[in-house]
There are 2 protein chains.
Amino acid sequence: MPSDLGRTRRPEATCPVEVALAAIGGRWTTLVLRDLMSGPRSFTELADGLPTLSAKVLTERLAGLEQQGLVARRRLGGFPARTEYRLTEAGQLLRPLLVELYRTGEALLAVNPR
Amino acid sequence: MPSDLGRTRRPEATCPVEVALAAIGGRWTTLVLRDLMSGPRSFTELADGLPTLSAKVLTERLAGLEQQGLVARRRLGGFPARTEYRLTEAGQLLRPLLVELYRTGEALLAVNPR
DNA sequence: CCGCATCCGATTGGATACTG
DNA sequence: CAGTATCCAATCGGATGCGG
């Protein structure tokens, strides 16, 4: 955050903060990212780790992340078909942010427990 | 992020990550927080800094932040009435997260420019 | 100055059923 | 296994107008 405090007129897609928010935005997204942080996963493996997440939303999240260049899809032939999802180099950049989200949440809970 | 990778079944409100996301969630919220980071602001000062933000949404954001204990409201008597909003101690805890959001966004833009 | 009330269109996420 | 296709309820954010 340089010295442009208080100057932004509206949320712009090119603002770094907005870019980062877009990456982690949407329900379940941080959980999907967390699972991918520990290594490549197939569609079903991800779905199994998040049992109450519908296939539609998982598809949407993965498509969004792929479009942002954060996740790469790899179709593996054979039958049954398999698809492997893994974080790209760009996706790895999100790790410190997820850690900071966790850290901040813990600090908030310590101050103001529920 | 301890070793509970891949275990969460659904987004739970008590998860630290969800707590942090709730704090910064919603359009404009990070911009409102950024303006408050540099000191107390009145309703109109905040609105002037974010000209395309409707009063309704600003009210909603401030009410939400207040309910989470991140922002404190102080009514100043006199006429016209004045209300001062400032970050609480808990709200100050969000500063490193905002910095990290900015940092991460910059890094993403460097890898994958728009 | 500081909001609240109301309405409304758009987006979101969940449920369900079906396909290559 | 890995999705797509619909449909639907709920939420969200923007616009406008009024009131303390």
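In this text, all values refer to a predicted model and were calculated from it rather than measured experimentally. Order of the sequence lines sets the chain letters (A, B, ...), proteins ahead of strands, with each chain counted from 1.
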- Start with the C-alpha gap between B:Leu101 and A:Leu21, add the side-chain angles, then the distance that decides, and say whether side chain to side chain contact (heavy atoms under 4.5 Å, CB included) holds. CA-CA 7 Å; B:Leu101 278 169; A:Leu21 286 174; 4.0 Å; yes
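As a whole-Å value, the separation of A:Leu46 CG from D:dC1 P is 13 Å. The interatomic distance linking B:Glu84 (CD) with C:dG3 (P) rounds to 12 Å, in whole Å. Across the protein-nucleic acid pair, A:Asp48 atom CG and D:dC1 atom C1' stand 11 Å apart, rounded to whole Å. Between B:Arg41 atom CZ and C:dC2 atom C1' the separation is 18 Å, expressed in whole Å. Across the protein-nucleic acid pair, B:Leu53 atom CG and D:dC12 atom P stand 16 Å apart, rounded to whole Å.
OP1 or OP2 of D:dG3 has at least one side-chain nitrogen or oxygen of A:Thr83 nearer than 4.0 Å. Between A:Arg27 and the phosphate of D:dT11, there is no side-chain N or O to OP1/OP2 separation shorter than 4.0 Å. Residue B:Tyr85 places none of its side-chain N or O atoms closer than 4.0 Å to OP1 or OP2 of C:dC1.
Contact of the B:Phe43 side chain with the B:Thr59 side chain is registered, since non-hydrogen atoms from C-beta on lie closer than 4.5 Å. Between A:Arg114 and B:Val19, some side-chain heavy-atom pair lies under the 4.5 Å cut-off.
Between the axis at the start and the axis at the end of the helix from C:dC1-D:dG20 to C:dG20-D:dC1 there is an angle of 50°, using five pairs per end and rounding to 10 degrees.
Residue pairs satisfying the salt bridge (Lys or Arg N to Asp or Glu O under 4.0 Å) criterion with at least one member in residues 15-31 of chain A, sequence neighbours excluded, are absent.
Note: B:Ile24 CD1 to B:Leu97 CG = 5.0 Å, rounded to the nearest 0.5 Å. Note that CG of B:Leu31 is 8.5 Å distant from OG1 of B:Thr29, once rounded to the nearest 0.5 Å. Residue A:Leu87 holds its CG atom at 8.0 Å from CZ of A:Arg95, rounded to the nearest 0.5 Å.
A heavy atom closer than 4.0 Å to some atom of DNA chain D occurs in B:Arg61, these being the qualifying members of residues 58-77 of chain B.
Within a 6.0 Å radius of CD in B:Glu89, other residues, nucleotides and ligands contribute 12 heavy atoms or fewer.
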Enumerate, atom names and distances included, each donor-acceptor pair closer than 3.5 Å involving a side-chain atom of residues 67-74 of chain B, sequence neighbours excluded.
| residue | atom | partner | partner atom | Å |
| --- | --- | --- | --- | --- |
| B:Gln68 | OE1 | B:Ala23 | N | 3.4 |
| B:Gln68 | NE2 | B:Gly64 | O | 3.2 |
| B:Arg73 | NE | B:Glu66 | OE1 | 3.1 |
| B:Arg73 | NH1 | B:Tyr85 | OH | 3.3 |
| B:Arg73 | NH2 | B:Glu66 | OE1 | 2.8 |
| B:Arg74 | NH1 | B:Glu84 | OE1 | 3.0 |

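Annotation: side-chain hydrogen bond (donor to acceptor under 3.5 Å, both in side chains) contacts of B:Thr30 (sequence neighbours excluded): none.
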Between the protein and nucleotides 15-20 of chain D, which nitrogen or oxygen pairs come in under 3.5 angstrom?
none

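Note on A:Glu100 versus A:Arg103: salt bridge recorded, some NZ/NE/NH1/NH2 to OD/OE distance being below 4.0 Å.
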